[in-house]
Amino acid sequence: MVCRYMKLPGNLRAAEGGMPSPDKSPIIMISLAFEPSLKEYKTMVLVSKEVDSEYIEEDVITFSSEDEMLRFFFDLIKKYDPDVIIGYNSNEFDFPYIVERAKILNIDPNIGRDNRFLYVKKIANRTQVSVTGRIVVDMLPLIRRGFSLKQYDLRTVAAQLLNLEKVDIAPKEMEEYWNSDGEKFKKFIDYARRDSELALKLLLDLKILDKYIALSKVSGALLQDILDGGQTGMVENLLLREFKKHNRLIPPKPASKESEERYEHRDELKGGAVIEPKRGLLENVVILDYKSLYPTITISHNLCYTTVVTNDKEIIGIPIKEIIKPPSGGKFVSANIFRGIVPKILEDLLNRRMETKKKMKTATEEEYRILDAIQLALKILLNSIYGYSGYARARLYSLTLANAITSFGRENLLNTQKLIEDEIKNIDGFDLEVVAGDTDSVFIKLSNQNGVSLDKAEIIGKSISEIVTKKLPKPMELEFEATAKRAIFIAKKRYALWKYEKKNDDWIDKIEVKGMETIRRDWCELTSKTLNKVLEIVLKEGSVENAIKHVQEVVNSIRNIEVQKDKDNIIEDLIITRKYTKKADSYKNKQPHITVVEKLKKRGAPLPSIGDRVPYVIIEGNNLLVERAEDPSYVKENKIPLDVDYYIKKQILPPVERILKEFGVEFEVLNYDESQKSIFEFKPHINKNIRKNSKPKKTKKRQKSLFDY
DNA sequence: TATAGGCATTGCGGAGCGATCTT
DNA sequence: AAGATCGCTCCGCAATGCCT
C-alpha cells in the first residue's frame with residue numbers, strides 16, 4: 001500500500017490574526033511524508049521562496065514562487081502515484097485551500113488517476129474531497145470517531161496516542177519564523193515536516209485503515225464512501241444485494257418531509273431496559289452478557305421488513321402458531337411461512353464472524369491482524385442493522401420492526417432476572433441476586449458464608465449462562481464474561497468494578513469504571529485523578545479512611561495552591577472541556593464554553609470550529625458561573641486568579657462524595673480545611689440528618705484565589 | 001446531510017411566595 | 001398603606017456525554 005501525506009501550514013500572512021484565507025494568503029510551504037519512501041526520501045518539504053541557508057536539509061526543495069511550487073507538487077503526486085492521500089483536518093482546511101489557490105493561480109489540480117481534478121464539495125458543515133482513483137483520508141474525523149480524547153489538535157493526539165512530541169509554533173510567530181533564515185527558519189521547516197510525519201504515523205501505527213478496509217470488504221460499499229459517511233451506506237448495500245436476490249425492490253431515500261415526519265414519532269421507539277442497581281459496595285459479582293442480543297433476537301423471531309404483517313388479510317389461513325407476536329404489538333410470520341431476508345443476512349454475518357474467530361486461533365501475526373479487523377467489521381455491521389431500521393432517513397425504516405426487536409430485548413432481560421432470582425435462586429450453596437443490568441447484561445451477586453473464590457465464581461457464572469441459554473431460542477446465548485471481586489454501583493449506567501478476567505489460566509485484575517466522572521470529558525483532570533484514586537483505594541484496599549485522607553489532601557492542595565510552584569501545570573489539571581456543538585446563536589441557554597468562544601472572538605484570537613472541544617477554566621468573580629469561564633492560555637498569560645471554591649465544591653467533591661456517602665461520609669468531612677481541622681475530623685457513619693439540621697458552615701475565606709499576585 | 005434510546009448531572013432562569021423597601 | 005423590589009426555594013429545561 002502506498003500512502004502519502006501532505007500538509008501546508010498556510011496560516012501565514014493572514015489578514016490580522018485569525019485564519020488565513022486563500023484569496024489573500026498564498027501557500028508558502030507544503031510538507032510531505034511517504035510510505036514507502038520516494039526514492040531515498042521519507043519526507044519532503046516544499047518551500048515557496050529561494051533560501052540560501054546552511055540550515056536547510058536535503059529533503060527541502062525551494063521554489064521561486066508559489067506557482068512553481070504548486071505545479072511541482074501536482075506533478076509529484078502524479079509521479080509518485082499514491083493509492084491513498086492523507087492529511088489532518090485536510091478536508092476542512094488543506095484541500096479546499098489548495099483548490100482555491102490553484103484556481104487563483106490558474107493551475108490545474110489534475111492529480112486524479114484519470115487526470116481529473118482534485119475535487120472539493122461542501123456539504124452542510126462538512127467537506128468531501130475526492131480524487132479519482134485514489135482514496136483521500138482526513139485523519140481528524142477518524143481519530144475523533146475512534147478515540148475518546150479531551151482534545152483533537154494534532155499535538156494532543158500525537159502525545160496521547162503515539163507518545164510523541166510535536167514541534168509547535170504559535171500562529172502569531174509564524175511570520176517572524178518565515179522571514180528569518182537561520183535557526184528559526186529551520187525550526188519552521190521542522191514544524192511543517194513533523195506535522196506530516198505525525199499524521200502518517202497515526203495512520204500506520206494505529207492501523208486506522210484496517211477497520212475501514214475490512215468494513216468495505218464485508219459490506220461491499222466503497223472505501224471512500226465508508227470513510228466519508230456513516231453506517232447507513234453499508235447497511236443499505238447489504239440489504240440491496242440480498243433483496244435483489246429475492247427479486248425485491250427497496251424504496252428510495254425518504255424525502256425530507258417524510259423523514260421529518262418519522263423523526264417526530266421518534267418517542268414511539270423504545271430502547272433497552274435498565275435494571276435499577278443495588279447501590280453501594282458489593283462483593284463477588286459475576287457479569288454475564290448476551291452475545292449480539294439484537295441480532296440474535298431478530299434471527300430467532302424471524303423479524304424482518306419482509307415478515308411483518310401489515311394487514312390482517314395477509315395471514316388468513318395461516319395457523320396461529322406460525323404468527324409471532326412481539327411484546328410491542330404487531331405481528332410477524334414465522335420462518336416456516338417465509339424466512340426473513342434480514343434474519344438471513346444477520347445469520348450469515350454471525351456465522352462468518354464465528355468462522356473468522358476460529359481462523360484467528362491458528363493465524364500468523366499478519367493474518368491475525370486482518371482477521372481481527374474483519375471480525376470487528378462483522379460485529380459493527382451486525383449491530384448497525386437494528387439502528388438502521390429505526391433511523392428516520394433510512395430507505396427501509398420500520399418502527400414496528402425496531403420496536404419488536406427492543407421489546408423482545410426488554411422482555412428477555414427481565415425474564416432473565418426473574419429466572420435467576422425466582423427459579424434458580426441458588427447454585428451449589430451460593431445465593432444469587434441480580435444487582436444490576438443494562439439492555440443485554442446482568443450483574444449477579446454471589447453469597448456464601450465461606451466466601452467465594454474466583455474459580456468458583458467462574459464455575460457458577462458458567463452454570464447460570466448454561467441454564468439460561470438452554471431456555472432460549474437459538475441462536476440467543478447468555479455468556480459468562482468476568483467476575484468483580486468488589487463493585488460499586490452509584491446509579492444506572494454508573495459503576496466501578498474490580499474485575500478479574502482469565503488470560504492463559506491466570507487471573508488478571510483491573511479497575512473498570514463506567515459512566516462516572518473519571519470517564520466523562522466535561523470534568524477536569526484533577527477530578528478524574530482524584531476519583532480514580534478513591535475508587536482504587538475503596539475497591540482494592542477497602543479502606544474508607546485512606547480514601548478520605550486522599551481527598552482531604554487534594555482539597556488542601558487546591559486551597560493552598562498559591563504557595564506551590566509550577567502553577568501552569570496545575571492549571572492543566574483544572575481545565576474543563578466541552579464540545580462546541582452548534583452555531584453560537586442557536587444556543588437557548590448560556591454555556592461556559594460558548595462564553596469562551598465569544599471572548600476569543602472579541603480578542604480576535606483564533607476561534608474553535610463547530611465540532612471542536614473548547615477548553616476553559618473558571619475564574620474568580622461575583623457574576624454568573626458561565627460568564628466566569630475563561631480561556632486557559634489567556635488565564636496563564638494574564639495571571640488571572642481561579643475560583644478555588646468552585647473547584648473544591650463543584651468539581652472535586654461532588655463526584656467523590658457520591659462514592660463515599662455510601663459509607664456514611666459527609667460532604668463536610670471531605671471539604672477539608674487545615675485551619676479548621678478539629679471541626680471536620682472524620683467520624684464514621686455520621687448520622688445523615690446532621691447535615692440537614694445543621695446550618696451550612698461558612699468556610700474561612702482566607703485564601704480564595706489560586707494565584708495571589 | 002448523524003444507526004438507536006436510556007440515563008445522570010449541572011446550571012440557568014422562571015414561578016411562587018413572603019419579607020422588606022419605596023413612594 | 002399599597003405597590004415595587006429583593007431574596008429565597010423549587011422545578012423545568014437545555015446541554016453534554018456517557019452506557020449498551
Residue closer to the 5' end of DNA chain B, A:Trp523 versus A:Arg410 (nearest nucleotide)
A:Arg410
List in chain and number order the residues that pass ring pair (Phe, Tyr, Trp, His ring centres under 6.0 Å) with A:Tyr616, two or more places apart in sequence or in another chain; answer none if no residue qualifies.
none
With salt bridge (Lys or Arg N to Asp or Glu O under 4.0 Å) as the rule and sequence neighbours excluded, what pairs involving residues 263-275 of chain A come up?
none
Just the endpoints, please: which first and last nucleotides of DNA chain B, 5' to 3', lie under 4.0 Å from a heavy atom of chain A?
B:dT1 to B:dG13
Using atom names, set out every protein N or O paired with an N or O of nucleotides 6-14 of chain C below 3.5 Å, distance rounded to 0.1 Å.
from, atom 1, to, atom 2, distance (Å)
C:dA14, O4', A:Asn589, ND2, 3.2

Which residues satisfy the side chain to side chain donor-acceptor pair (under 3.5 Å) test with A:Asp289, sequence neighbours excluded?
none
Go through residues 511-518 of chain A and report each residue with a non-hydrogen atom lying under 4.0 Å from DNA chain C, sorted by number.
A:Lys514, A:Gly515
Partner residues of A:Asn89 under the side chain to side chain donor-acceptor pair (under 3.5 Å) criterion, sequence neighbours left out:
none
Taking salt bridge (charged side-chain N to carboxylate O under 4.0 Å, His left out) as the definition, give me every residue that meets it alongside A:Glu536, ordered by chain and number, with sequence neighbours left out.
none
Could you tell me which residues satisfy salt bridge (charged side-chain N to carboxylate O under 4.0 Å, His left out) with A:Glu276, sequence neighbours excluded, listed by chain and number?
A:Arg279, A:Lys492
So, using side chain to side chain contact (heavy atoms under 4.5 Å, CB included) as the criterion, who are the partners of A:Lys650 when residues are at least two apart?
A:Tyr646
Among all residues two or more places apart in sequence or in another chain, which pass the salt bridge (charged side-chain N to carboxylate O under 4.0 Å, His left out) test with A:Glu481?
A:Lys499
Just to verify, what does A:Glu421 make a side chain to side chain donor-acceptor pair (under 3.5 Å) with, not counting sequence neighbours?
none
My understanding is that only one of A:Thr296, A:Thr416, A:Thr439 makes a side chain to side chain donor-acceptor pair (under 3.5 Å) with A:Tyr290; could you say which?
A:Thr416
